[in-house]
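Each chain gets a letter, A, B and so on, in the order its sequence line appears, and its residues count up from 1.
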Amino acid sequence: MSEEKSLNFLEEIIEKDLAEGKYQSITTRFPPEPNGYLHIGHAKSICLNFGLTQKFGGKTNLRFDDTNPVTEETEYVDSIKEDIQWLGFNWANELYASDYFDTLYEFAVTLINKNLAYVDDSTSEEIAQQKGTPTTPGIRNKFSERTVEENLKLFIEMREGKYADGEKVLRAKIDMSSPNMHMRDPIIYRIKHAAHHRTGNKWCIYPMYDFAHGQSDSIENITHSICTLEFIPHRELYNWLIQQLEIFPSKQYEFARLNMTYTVMSKRKLLQLVNEKHVIAWDDPRMPTISGMRRRGYGATALRDFCDKIGVAKRENLIDIGLLEFCVREELNKTALRRMVVFNPLKITITNFGKEVEWVSIEDNPEDENTTHRKVPFSKEIYIEQEDFLENPPKKFFRLFPGGKVRLKGAYIIECNEVVKDINGNIIELKCSYIPESKSGNDTSGIHVKGTLHWVSVAHAVHAEVKLYDRLFHVENVAEAEGDFKEHINPNSLQVLDKVYAEPALLDTNSNNRYQFLRKGYFCLDKDSSSEKLVFNRTVTLKDTWAKEVKK
RNA sequence: UGGCCUAUAGUAUAAUGGUAGUACGACAGAUUUUGGUUCUGUUCGUCUUGGUUCGAAUCCAGGUAGGCCAACCA
């Protein structure tokens, strides 16, 4: 019963902290900047932060890191909240770094009073130049010698709007020769005369990340502040500021961000794909965004399962997107309703079938012991898939060929008697006979066939549109590939079949349902679907060992 | 080339000084009214050189390789 699962390095740290009584309970936070939609990489962080407090007890805050008014919008705030909830997590508190602007301002004043911060009038170029390089120390300019009183006065004037953007900044006074570039008197406040999505025009100075994030963590009593590897150099500054301010000592820990094959995972690049219309929107089913995956039909369970499987460590990684697809299939196999849909029809006339229609009962999901069934109309004229018939079959071909027999799923075994062609020699119809004793469920014919095909009655077929998606990029490691990432976009990532033929049961559909189109893949109803026009997205294909066999 | 981080099958992740294991993939077979699912088996690994130790993936030292850091972004 007790399946012992080993702990990742963060779980070990927490277990130790708790065992030693360092904390009674832990608090984590998920801190997105509301400047874009969440992607699967964020899902990893969400599952980590919320998962940790679920496992060890404690709470997780949702905190928007909204310290840069020019990139942030309420639209993004809303989408982020929706995505986290959809993933199945509930935050303890919904918080905003902008709620702390007054406190942060006081923190800055404290630093000035301790002569640990100064107002600098240099241009950004001058500041960059004076900073030195990793191998040469930086130099301090004359502004660093300003008195506490002068700094206080200037900082107040900055807040009052007396200066234009870029005219002055507030810098922490630390160490211009530190081997860590972030310690070389980092800028902690800058002037931006811009409206903020929450505070409006109340402020014209805004704290930088380094003067907001750790302080917000501290204000919220975050015990374990978990971020990605590229923030490692910030940790020294994070700790320095907390120490000088004498506030709650949150601790920062870093893990490796998620990279996946055949996709990009940076907000900047995803924004570009949207803005330059390579995809239709942030929730385009080809996007690695949570909303895109949701629209494509990926389940929240599958995403959480994926995040669990990939683990957490500090080593750079490139996860095979096939693992995500495995998780998606695993969930859908158990839950998706089976339906029959023919994409490229080939008409079959069953010459010896006398009845107008016979309704056969087929299970909705054979994986479910308590499966329901639906009725499917069987008649004299049906469609099968063109690729399921070959006039000259290769060996090991289990499907239909002249003189061959197959079962029609849930119905009868048929035999192909005649191939009808047009004047150009194209196959346009097959004449078959059915075996009346072979009815599914009470087969007394004694005939065994290797192949079972999906099919749709011509007279009862429902029309629909289907969108087939493929990976957005055709190189495995997009970030490493030569040239601009957009050169590697797969031009055939979307294929639209505007008319496919479906069994009528697909009509009574509700958008929560997930389907497996038999032998075709998993599909879901798209949000653009209407009663006039059904539109389905292919979530993921089925594994296809026959296609692999043919390739050989 | 200053500092920091990392290195285990194809990919990811365990083994916390004592039998290198798991998942995905690949390959082979069984089952199957989906060439799906399920089941079974096979394949493949500790970056390198030294050292400590009865014993090293693990500890130490040197090398090598990859990544990060010089935004008024986060």
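Taking the six-membered ring where the residue is Trp, the centroids of A/Tyr189 and A/Phe155 are separated by under 6.0 Å.
Ion pairing of A/Asp443 with A/Lys439 is absent here, as no side-chain N (NZ or NE/NH1/NH2) approaches a carboxylate O to less than 4.0 Å. Ion pairing of A/Glu363 with A/Arg374 is absent here, as no side-chain N (NZ or NE/NH1/NH2) approaches a carboxylate O to less than 4.0 Å. Ionic pairing of A/Asp99 and A/Arg198 is present here: one or more N-O contacts between side-chain nitrogen and carboxylate oxygen are shorter than 4.0 angstrom. Salt bridge annotation for A/Lys192-A/Asp165: absent, with no cationic side-chain nitrogen under 4.0 angstrom from a carboxylate oxygen. Ion pairing of A/Lys267 with A/Glu33 is absent here, as no side-chain N (NZ or NE/NH1/NH2) approaches a carboxylate O to less than 4.0 Å.
To the nearest whole angstrom, the two C1' atoms, one in B/A12 and one in B/A26, are 16 Å apart. Nucleotides B/U58 and B/U53 have their P atoms positioned 16 Å apart, rounded to a whole Å. Using P as the reference atom, B/G66 and B/A61 are 23 Å apart when rounded to the nearest Å. The C1' atoms of B/U46 and B/U40 are separated by 29 Å, rounded to the nearest whole Å. Separating the C1' atom of B/C47 from that of B/A9 is a span of 14 Å, rounded to the nearest Å. Nucleotides B/C60 and B/G21 have their P atoms positioned 25 Å apart, rounded to a whole Å. Atom P of B/U33 sits at a distance of 44 Å from the matching atom of B/A15, rounded to the whole Å. When the P atom is compared between B/U43 and B/U22, the two are found 12 Å apart, to the nearest whole Å.
Relative to the six-membered ring of A/Phe485, A/Lys269 meets both conditions, a distance below 6.0 Å and an angle of at most 45° to the axis. Taking the centre and axis of the six-membered ring of A/Phe255, the NZ or CZ atom of A/Lys314 falls outside the cone set by 45° and 6.0 Å.
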### Annotated protein contacts, base or backbone, on nucleotides 26-44 of chain B with a non-hydrogen cut-off under 4.0 Å, one of B, S, - each
SSS----BBBBS-------
### Query
In the 5'-to-3' direction, what one-character label does each nucleotide of nucleotides 69-74 of chain B receive under the scheme B = base within less than 4.0 Å of a protein heavy atom, S = sugar-phosphate only, - = no such atom?
SBSBSB
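Scanning RNA chain B for stems, defined as runs of 3 or more consecutive Watson-Crick or G-U wobble pairs whose donor-acceptor distances all fall under 3.5 Å, gives the following ranges: B:2-7 with B:64-69, B:10-13 with B:21-24, B:26-30 with B:38-42, B:47-51 with B:59-63.
Between A/Asp308 atom CG and B/A12 atom C1' the separation is 13 Å, expressed in whole Å. In this entry the distance linking NZ of A/Lys44 with C1' of B/U13 reads 11 Å, nearest Å. In this structure, A/Leu229 atom CG and B/C5 atom P are separated by 11 Å, rounded to whole Å. Rounding to whole angstrom units, CZ of residue A/Arg257 and C1' of B/C5 are separated by 15 Å. Per the geometry, CG belonging to A/Asn8 stands 14 Å off C1' belonging to B/A12, to the nearest Å. Here the P atom of nucleotide B/G2 and the CD atom of A/Glu236 are 18 Å apart, to the nearest Å. Atoms OH (A/Tyr262) and C1' (B/U11) sit 12 Å apart, rounded to a whole Å. Atom pair A/Ile310:CD1 and B/A14:P shows a separation of 12 Å (rounding to whole Å applied).
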### Task
Could you go through the side-chain hydrogen bond (donor to acceptor under 3.5 Å, both in side chains) check for A/His213 and A/Arg29 one step at a time?
CA-CA 11 Å; A/His213 201 100; A/Arg29 101 272 89 116; 2.7 Å; yes
### Task
For side-chain hydrogen bond (donor to acceptor under 3.5 Å, both in side chains), just list the numbers for A/Gln516 and A/Tyr522, CA-CA rounded to whole Å, side-chain angles, deciding distance to a tenth of an Å, and then say yes or no.
CA-CA 4 Å; A/Gln516 184 196 104; A/Tyr522 293 99; 3.2 Å; yes
What side-chain donor-acceptor pairs closer than 3.5 Å can you find for residues 333-342 of chain A, not counting sequence neighbours?
residue, atom, partner, partner atom, Å
A/Thr335, OG1, A/Glu331, O, 3.0
A/Arg338, NE, A/Ala336, O, 3.2
A/Arg338, NH2, A/Asn333, O, 2.4
A/Arg338, NH2, A/Asn365, OD1, 3.1
A/Arg339, NH1, A/Asp364, OD1, 2.8

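Residues passing the side chain to side chain donor-acceptor pair (under 3.5 Å) test with A/Tyr412, sequence neighbours excluded: A/Glu358. For A/Arg399, the salt bridge (Lys or Arg N to Asp or Glu O under 4.0 Å) partners are A/Asp388, not counting sequence neighbours.
A/Ile413 comes within contact range of no nucleotide atom at all, as no heavy-atom separation falls under 4.0 Å. No engagement by A/Val70 is indicated, since no non-hydrogen atom pair under 4.0 Å with the nucleic acid exists.
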